[in-house]
Each structure stands twice: as structure tokens, then as C-alpha cells.
Visitor: 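First the structure, which I've put down as C-alpha cells, then a few questions once you've had a look.
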Protein chains: 2
Amino acid sequence: MAGKRTRKHSLVKRLDIHDVARHARVSIATVSRTINGVSTVDKELARRVWKAVRELNYFPNTHARALVSGRSRLLGLLVSEITNPFFPELVQGFEEVATQRGYEILIGSTNYDPERMKDCIRRMIERKVEGVAIMTFGIEGPLLEELAQRQIPMVFVDAAPQRALMSAIRVNYRQGIREGVQHLAVLGHRRIGFISGPLVQRSAEMRKAAFLESVREIGCDPPQEWVIEGDHTLEGGVAAMERMLQLPEIPTAVMCSNDMTAIGALRVLARSGIPVPEKMSVIGFDDIHLAEFVYPPLTTVRMARSSLAKAAVEALCCHVETPDQEPPRAVLAVSTSLTVRQSTSYAPSAGQEESATAINVGRSEKKQ
Amino acid sequence: MAGKRTRKHSLVKRLDIHDVARHARVSIATVSRTINGVSTVDKELARRVWKAVRELNYFPNTHARALVSGRSRLLGLLVSEITNPFFPELVQGFEEVATQRGYEILIGSTNYDPERMKDCIRRMIERKVEGVAIMTFGIEGPLLEELAQRQIPMVFVDAAPQRALMSAIRVNYRQGIREGVQHLAVLGHRRIGFISGPLVQRSAEMRKAAFLESVREIGCDPPQEWVIEGDHTLEGGVAAMERMLQLPEIPTAVMCSNDMTAIGALRVLARSGIPVPEKMSVIGFDDIHLAEFVYPPLTTVRMARSSLAKAAVEALCCHVETPDQEPPRAVLAVSTSLTVRQSTSYAPSAGQEESATAINVGRSEKKQ
DNA sequence: GGAGGCGTGGAAATCGTTTACACGCACCCC
DNA sequence: GGGGTGCGTGTAAACGATTTCCACGCCTCC
């Protein structure tokens, strides 16, 4: 009359470890040990267990696991906004490495809204994440405190608070930016400007410093008004370039702190009838997906976001898996390098005609 | 000598429902009832409980909750690849609505790899998701079976298998595509081509059908060779447009099944020295973020991916929360509409000079 | 003053694992 | 042959909530 068992929530029996044990004619402890790879289990029994798992299509319940083992195998990833073209590649890399290591990821999009940040952190704490990668700016102290109190490891980009369980991934900005500047130098540019990001952000500050250093290295020292602060948005790039064009004297090349800024700058130049790269060269930073598709395709410094993600996951796992030994506080993990496309060419002062004919040097795409 | 309590996994005491109960001077039953919003709880006690929760910074353990209640409050989202510009907006919308409803989301990127799909599904089953939105193509029957067996609701785009717990979100392709075709008609185009997606995909097939219907509505009937099958990738768009340009007679406008295809087409036209929109108009579909930034900015049919996401979450929640009543199998939830940018203008046959002067009709951007 | 109703508290069962501990067994050595 | 030794297995107790059951206190009303 009644079913074999009565269940509270559903009519179908959900498989559990007991079913597997019964099917393999062993105890649940043996099943658990087998699944968790304990090496002392007898080969024959292990074989029987795996066979049963396969036949029954058994998947262990992670909630029960997490509850008893205290390990959720969940990592949090906090980004500014997933629709910002900077992030998808980061998310992809993060997911890839995390799932490889048996972790699941919880994504939180802050949209720069403190309220949402708080909400994201709450969700992550509730789900008992074992670590959080903080890839957004302007997160507030109290929220970090919330995580720190619960001994949740955190990883940041560029700079982390000096505390236990917090580490930082360092990006070698100088490398790629220097390449970019030298690329311009080779093309004859001596008058090079810079549109920075918001200088309250450590990473923006570091990019600017790398630029200034590199440009001095080639013997240039741009006047202050050629170094304009933007905000890493397209609109910021527009505003900055508009200001630059109103200067009595303008540079022949402009480097930007990120690609969105550069794209904004390109837009102003197009509107103003200044052809790129003939009259002005532009270099971006990040190499977002978009960079390849704007007009002209943007020469930019590529930052491997997938390796950033990889480093972040590894730093977190390192904290989690060897909690006793203090891991390195900062990992210099991410390199940058120049990707030459079509927004850079010879400096116009080197002679219009010459640059017009030699315009395809160092490029590949448009030739075909 | 020893701490107040011994814990297995960490030295710090993790807050418990008992701690809250003690702090609020009530029983754990009352705490549970309060947190879960049982209405019979005395106001004053509830106040005390919430106060204790706040003061102690208590977050209920979701794993314990999930275990006993059988509800994980987790939804799965399966996408092709997060770096495909089509998806971030979808993910964002999904996250937004899901978290609003108290769900967390698990993202799986299949990268079109059957092995990875399998892995994603496994992860979702292990985590006991309460529903899965399947936003990728080419998922295989056995995998769906795996989910269906476990009574996990699923939602698809355009078309779902005819089974219980499965539903589909319908997109009104016709609406936007018709707008696009009529826009071209107004500009004097009579010779209109189409680059479709891979016709094995239901959604590609529907877009093509909508195009053919709309174009017949304006009294045109394009020859077969003007309707070319692409594959929804940039490379596919390139190949298709190359084929089209080799025809003895080419159309004056081409509509594409998605934006990536259109961008590929634009690239070929640029290379071939065919100015867009002067010699040929191009319309895309989707309105991905990129569309605004290519050259010329792409006129395209916008599909509100955030509302698609919203509909998907709602369909899943509907299954979950009212499992008894059969929900509507298909929800016509997503509308489409034309976004005019700069890749469309008058048909060249209407007179070169005239179109050159009138070229800014219906646009805004480049004027400023 | 007793009946009835309402809401709280205590205790216990439950969810599906992991894991400490005990136990059985074979082996080996004196 | 008896008694360690060691290995592998099974039993049972956690883990942290929800949920149910029942008793009990308190208030109200007759």
C-alpha cells in the first residue's frame, strides 16, 4: 500500500550513502572512505563501491559534506560588474581553475553599490565560502572585518591590508607599459601624453608611475598638463581627451590607463577629425575583447586576466589547505605585454608622406 | 587551560542558533521560527531575536538548512562561454533576480565541450540545485535525463522538450526583425540579404523565418543565394560575406542573425573597400555591448537579455514553489526592438549624391 | 474557579555525510 | 599456543540547522 519508505519532501527516494553501501555490500564508512580516496581501503571493496556508485548514479550531497567536514569547497569572487568587459575573462579563468581543484565559485557583482557589496558579502558568509577574491575597488573596511573575523582568507589585486589571511596578486605593469612606450619611441614619438585612471586606486597609480618612469627612460619628460586624470570609464576617456585637445600644444601619442579610456579618447579624436594613427597614436591597457573591434583596432598592453585569476585561486587554496604556514603575502604573478594593432604609427612630425606609406609597419591585420 | 569549548575544525567558536537563543533569552525553536518568518511569534520576542542576530552577527548555516529542509536555494545557470559577449548581461540579470528572491546561482561554462557540460551538470547535481537554466546549445539528452530523474526543473530558450518540469522562454524575434526590415524599406532598400545562424539551432531558424516573412511583407522575395547560412561566429560572418560578395549581383543591405556575424561581415566589407553604410547597409541582432563600439556603430535588433534572465528565474521558481500546479510550458517573455546606429542608410540605387548629403537621417551620434 | 485557546520551551527526530573509536581477524614471533 | 601488532572494517557520534510533539504557563471568558 504505502511506498517502501516515507519521505518528507518528495515522493522519490533520493540516493544516499546507505543505498550505495547496501548495493556494494559494505558499510557506509567504507563508501565514504572510498569516495574520499582514503588509501587503506581494500582494492576489491573499492572496486565494488565505485561500481555501485556508477550503477546507481550516486552523487554525494555536498551540504551534508560541508556540514560535517566544515569545508564548503566554495570560493567567492567579488567583481565590480560582470558586464564590464574587463571581467568575463577573469571569471572564466577563475571558474576554470577553481573547478579543477574541486571548488565551486560564487559570483558577486557589486555594481559599485555599497549596499550590494554588503549583500554579496553576506551571501558569501552564509554559504560559508572558504575564501574570497576581491576584484573590485572601494570595498569598505567593516565588510572586510566581517570576513576577517570569520577567518576567511582574502586575496586582492595589487595591494592588500597587512593582515593575516590576506594576500595580494601583483601585476607587473611596468613590463608592458615600458614596451608600449618604447614602441612609440621607435615610431618617432617624443611628445607622449597619458590619461590615467582614478588615482585613488592603487592600480591606477601604479600604471601612471610605470608610464612616467618608462617615458623618462626614453629621455622624455611630458609637461604636467599632458598627464590627465580619468576614471577608467569611456566617458572619462572622452572628457580627458577633450581637455587635452584644448591645450595650446598637444602630444602626438597618448597612452591610456585602460582600454575603455582609450576607446573614449578614440571617439573624441574621430569626432574632431583627427585621424588615428596618422595624426595621433593611442595605446590602451588591459586588452579587453572590445579592443580588437573598435576603429581603428586598438594597440594595447595585454594583461593576462586568466593568469590573474589562476593566481588568485591558488593563493586562496594555499591559505585553506595549509593554514598553519604563512603563505607569501604577495605573489608577483601576472605579466603584461604589448599587443600591436592599428591605433599606433609613426609620429606625424617625422613627415606626413613617409608615415603614410610606411603605415603598415609592425602590423598584420589589414594587409590581407 | 583549555578553551571554553573544544571544536574539531577551528579554534574560534562559530556562532550557532543556540548562541542566539541564549543571547535573546528564548528557545532555539523561537529563533528558528522568527528567522523563518513564522507569523505566530510574539512581537517582543521576535524583536529580541533580531536584536541578538544583529548584535552577534549571526548568519544561519545554509548547509545545515539545506540538509534538513531539502532546499538548497541554489539555481544553476548553464552558458556557452562567459567571454562570449552575449552572456554577461544575461548572467547579470539572472544574478540580480535570483538573489532578490533569495537564491544563489551556480554558473557553468560549457565552452561547447561535451565533457565540460557533463562536469557542470555533475557539479550542479552535487550542490543540489533546485533548477537549471540551460542557455547553451547542443546539450545532450542523457545529461538532461540526469536532471530530469532527480526532478530538477529546467528552463530553455525558444524550445524545450515536451516533459514535465521543463519549460521554455519564448523570444519575440519577429517584432524586432520586422522593425529592421521596415527600417531598410523606408531607406529605399529592396535588395536585402540575410546571413543566418546555424540552422540546427531552433533560435537561428526562427530568426531566419522572421526575416523571410518580414521581407515578403514589404513585397520583396530575395533569391536563395542571398540567404546564406553562417554559424553565429565572427569567422562565420566573414566567410558568409565573402561568399556573398562573389555573387554576380549583391544586395544593398544585409541583415544578420546575430551581432558577431554582422561584425564579421563589416570586416569583410571594410577590407573590400565597400563603405558602410554608403554602399551597403548592415543590421545585426542581439545588441551586444560590442555593437556600439565597432565601426561604424552597428544598427541592430536589441533583445533584452536581462528580461530573458528574469523570465528564466521566474519560471524556475514557479516550478519550485508551486510544484503541484503545472506552470505554463512556454512563456512569451522577451521582446525585441530595433536600435538604429550608423551601419544603415539610404540604398545606393536611390542616388549617390542624395544619400551622401542625407546620410545622417535617423541618427544622432556623429553629428555632435 | 475551571475550561479553553494561544504561544513558548524542551526534547527528539531528521537530513547525509565524515570520522573517532572499537573490534575482528590474520600474521608473526617468541 | 598465546599474545602483541597492524590492518581494515563497521558502529555510532557528531555537524547545525528545521520541524514536530507535547507540556506548560498565561490570559480570557464564562
Side-chain angles (χ1 to χ4, degrees), chain A residues 5-10 12-49 52-53 56 58-73 102 125-128 130 150, chain B residues 5-10 12-49 52-53 56 58-74 125-128 130 150:
Chain A
R5 346 166 162 247
T6 58
R7 285 277 149 173
K8 208 174 6 176
H9 302 293
S10 73
V12 284
K13 167 73 176 85
R14 300 234 282 249
L15 281 174
D16 73 8
I17 200 172
H18 294 93
D19 300 306
V20 179
R22 201 173 318 120
H23 198 262
R25 287 165 293 132
V26 297
S27 74
I28 60 164
T30 300
V31 175
S32 173
R33 281 192 281 252
T34 305
I35 287 176
N36 290 291
V38 174
S39 58
T40 59
V41 178
D42 183 87
K43 297 266 183 250
E44 165 60 16
L45 293 195
R47 204 189 52 72
R48 289 221 305 264
V49 169
V53 166
L56 297 176
Y58 166 75
F59 294 96
N61 181 325
T62 46
H63 297 109
R65 277 181 170 209
L67 189 55
V68 61
S69 70
R71 303 213 31 202
S72 63
R73 304 207 69 90
I125 293 175
E126 279 185 352
R127 298 273 172 189
K128 298 267 177 297
E130 296 184 44
R150 292 175 169 76
Chain B
R5 352 168 159 242
T6 59
R7 286 275 151 176
K8 208 175 6 176
H9 302 293
S10 73
V12 284
K13 168 74 177 85
R14 299 234 283 249
L15 282 172
D16 203 49
I17 200 173
H18 294 93
D19 299 309
V20 179
R22 202 170 321 122
H23 197 262
R25 286 163 293 132
V26 298
S27 72
I28 60 163
T30 301
V31 175
S32 176
R33 284 192 277 250
T34 306
I35 288 176
N36 291 291
V38 174
S39 59
T40 59
V41 178
D42 181 88
K43 295 267 186 254
E44 165 60 13
L45 292 195
R47 204 189 54 70
R48 287 223 303 265
V49 169
V53 165
L56 296 176
Y58 168 74
F59 295 94
N61 182 325
T62 44
H63 298 110
R65 276 186 181 218
L67 193 54
V68 62
S69 69
R71 303 213 31 201
S72 63
R73 305 208 69 90
L74 236 34
I125 293 175
E126 282 186 350
R127 299 271 171 193
K128 296 271 177 295
E130 297 184 43
R150 293 176 169 75

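Values below: all heavy atoms of this structure, side chains included; hydrogens, waters and symmetry mates excluded. The chains referred to below are lettered A, B, ... by the order of the sequence lines, with proteins before strands, and numbering in each begins at 1.
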Visitor: Both B:Thr30 and B:Lys128 contact DNA chain C. Taking the nearest nucleotide for each, which residue is further toward the 5' end?
Guide: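 Its nearest nucleotide being more 5', the pick is B:Thr30.
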Visitor: So B:His63, base contact, sugar-phosphate only, or nothing? Heavy-atom distance under 4.0 Å.
Guide: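 Nothing, no nucleic acid heavy atom in range.
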Visitor: B:Arg73 has an atom CZ; how far is it from atom P of D:dT18, in whole Å?
Guide: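 Computing the B:Arg73:CZ to D:dT18:P distance gives 12 Å.
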Visitor: Ignoring hydrogens and geometry, is there a side-chain-to-backbone donor-acceptor pair from A:Arg33 to A:Thr40 under 3.5 Å?
Guide: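 Pair absent, no side-chain N/O of A:Arg33 close to backbone of A:Thr40.
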Visitor: CZ of B:Arg65 versus P of D:dG16: gap in Å, rounded?
Guide: 15 Å
Visitor: I'd like to check A:Arg73 versus A:Thr62 (side-chain heavy atoms, cut-off strictly below 4.5 Å). Are they in contact?
Guide: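 Of all side-chain heavy-atom pairs linking A:Thr62 with A:Arg73, none is under 4.5 Å.
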Visitor: Apply side-chain contact (heavy atoms from CB on, under 4.5 Å) to residues B:Leu45 and B:Thr34 and explain how you reach the verdict.
Guide: CA-CA 8 Å; B:Leu45 292 195; B:Thr34 306; 6.0 Å; no
Visitor: Measure from NE2 on B:His18 to C1' on D:dT18 and round the result to the nearest Å.
Guide: 12 Å
Visitor: Let's see if you get this right: which residues in residues 33-43 of chain B place a heavy atom under 4.0 Å from DNA chain C?
Guide: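 Of all residues in residues 33-43 of chain B, the ones placing a heavy atom under 4.0 Å from DNA chain C are B:Arg33, B:Thr40, B:Val41, B:Asp42.
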Visitor: Measure CZ/A:Arg22 against P/D:dT11 and give the value in whole Å, please.
Guide: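 The answer, rounded to whole Å, is 13 Å.
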Visitor: Give me the atom names and distance for the closest heavy-atom approach of B:Asp16 to B:His18.
Guide: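 Distance-wise, the nearest heavy atoms are OD2-ND1, 2.7 Å.
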Visitor: From D:dA17, D:dT19, C:dG16, pick the nucleotide closest to the side chain of A:Asn61?
Guide: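 Nearest listed nucleotide: C:dG16.
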Visitor: Which heavy atom in A:Ile35 sits nearest to a heavy atom in A:Pro60, and how many Å separate them?
Guide: CG2-CG, 4.4 Å
Visitor: Would you kindly give the CD1-to-P distance between B:Ile17 and D:dG16, to the nearest whole Å?
Guide: 12 Å
Visitor: Are any side-chain N or O atoms of A:Ser32 and backbone N or O atoms of A:Ile28, one a donor and one an acceptor, separated by less than 3.5 Å?
Guide: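 Here the side-chain-to-backbone pair does not exist.
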Visitor: Using side-chain contact (heavy atoms from CB on, under 4.5 Å), reason through A:Leu15 and A:Phe59 one step at a time and then give a plain yes or no.
Guide: CA-CA 8 Å; A:Leu15 281 174; A:Phe59 294 96; over 6 Å; no
Visitor: Could you state the atom-to-atom distance from CZ of A:Arg127 to P of D:dG16 in whole Å?
Guide: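 The distance from CZ of A:Arg127 to P of D:dG16 comes to 17 Å, rounded to the nearest Å.
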Visitor: To the nearest angstrom, how far is B:Arg71 atom CZ from D:dA17 atom P?
Guide: 18 Å
Visitor: Give a yes/no answer on whether the side chain of A:Ser32 brings an N or O atom under 4.0 Å of OP1 or OP2 in C:dT18.
Guide: yes
Visitor: Does B:Ser27 make a side-chain N or O approach to OP1 or OP2 of C:dG10 shorter than 4.0 Å?
Guide: no
Visitor: Tabulate atom names and distances for all N/O pairs under 3.5 angstrom spanning the protein and nucleotides 22-28 of chain D.
Guide:
none

Visitor: Give the rounded distance in Å between these two atoms: CZ of A:Arg25 and P of D:dG8.
Guide: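 Atom CZ in A:Arg25 sits about 20 Å away from atom P in D:dG8.
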Visitor: With a 3.5 Å distance limit and no angle check, can you tell me whether A:Ser72 reaches the backbone of A:Lys128 through a side-chain donor-acceptor pair?
Guide: yes
Visitor: Quick one: does any side-chain atom of A:Asn36 pair with a main-chain N or O of A:Val38 as donor and acceptor, under 3.5 Å?
Guide: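 No: the side chain of A:Asn36 does not pair with the backbone of A:Val38.
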Visitor: Taking for each residue the nucleotide of DNA chain D with the nearest heavy atom, is it A:Leu45 or A:Ile28 whose nucleotide lies nearer the 5' end?
Guide: A:Leu45
Visitor: Would you work out how much the helix from C:dG1-D:dC30 to C:dC30-D:dG1 bends between its ends, with each end axis defined by five base pairs, to 10 degrees?
Guide: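 Here the local axes at opposite ends form an angle of 50°.
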Visitor: Hey, what do you get for CD (A:Glu126) to CZ (B:Arg65), rounding to the nearest 0.5 Å?
Guide: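 Interatomic distance, A:Glu126 CD to B:Arg65 CZ, rounded to 0.5 Å: 7.0 Å.
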Visitor: C:dG9, D:dT11, D:dC15: which one has an atom nearest the side-chain heavy atoms of A:Leu67?
Guide: D:dC15
Visitor: When you look at A:His63 and B:Leu74, which way does the side-chain contact (heavy atoms from CB on, under 4.5 Å) test go after all the steps?
Guide: CA-CA 12 Å; A:His63 297 109; B:Leu74 236 34; 4.3 Å; yes
Visitor: Please lay out, stage by stage, how A:Val41 and A:Thr30 fare under the test side-chain contact (heavy atoms from CB on, under 4.5 Å).
Guide: CA-CA 7 Å; A:Val41 178; A:Thr30 300; 4.2 Å; yes
Visitor: Here's a test of your reading of the structure: between B:Tyr58 and A:Ala29, which maps to the more 5' nucleotide of DNA chain D?
Guide: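 Nearest-nucleotide comparison on DNA chain D picks A:Ala29.
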